[in-house]
Amino acid sequence: MAEETYNPWTIVNVVFQHLADQGLHPVLGETGHPGEPAAQLLRALGIQPRAEGDIRMAQDIHDHLARMRASMEGVR
């Protein structure tokens, strides 16, 4: 059977909408980037988040490549 995939933010949104419908006021990542709290919520629901959907991973890679380019500028 093929593995089903979902956008993790869609799942987080469904959970938050359900909580809001119950009169609650959920907040995610009040003190910073919401990625890790969202990942924890997904894990609690039995869903394994993937790094491909995490913008922080892309930014980390971009920053690392920029540092590598900067360090290689003088080497030719």
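Just so you know, these numbers come straight off a predicted model, no measurement behind them. In this chain, residues are counted from 1 in sequence order.
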Kindly write out the residues that satisfy side-chain contact (heavy atoms from CB on, under 4.5 Å) with [X], not counting sequence neighbours, or none if the list is empty.
{"X": "Gln40", "answer": "Glu36, Arg43"}
{"X": "Asp21", "answer": "Gln17"}
{"X": "His25", "answer": "none"}
{"X": "Val12", "answer": "Trp9, Phe16, Leu28, Ala38, Leu41, Leu42"}

Can you hop from Val14 to Val27 via hydrophobic side chains spaced under 4.5 Å?
no
Rounding to 0.5 Å, atoms CZ (Arg67) and NE2 (His62) come to a distance of 10.5 Å
To the closest 0.5 Å, what do you measure between CD1 (Ile11) and CD1 (Ile47)?
3.5 Å
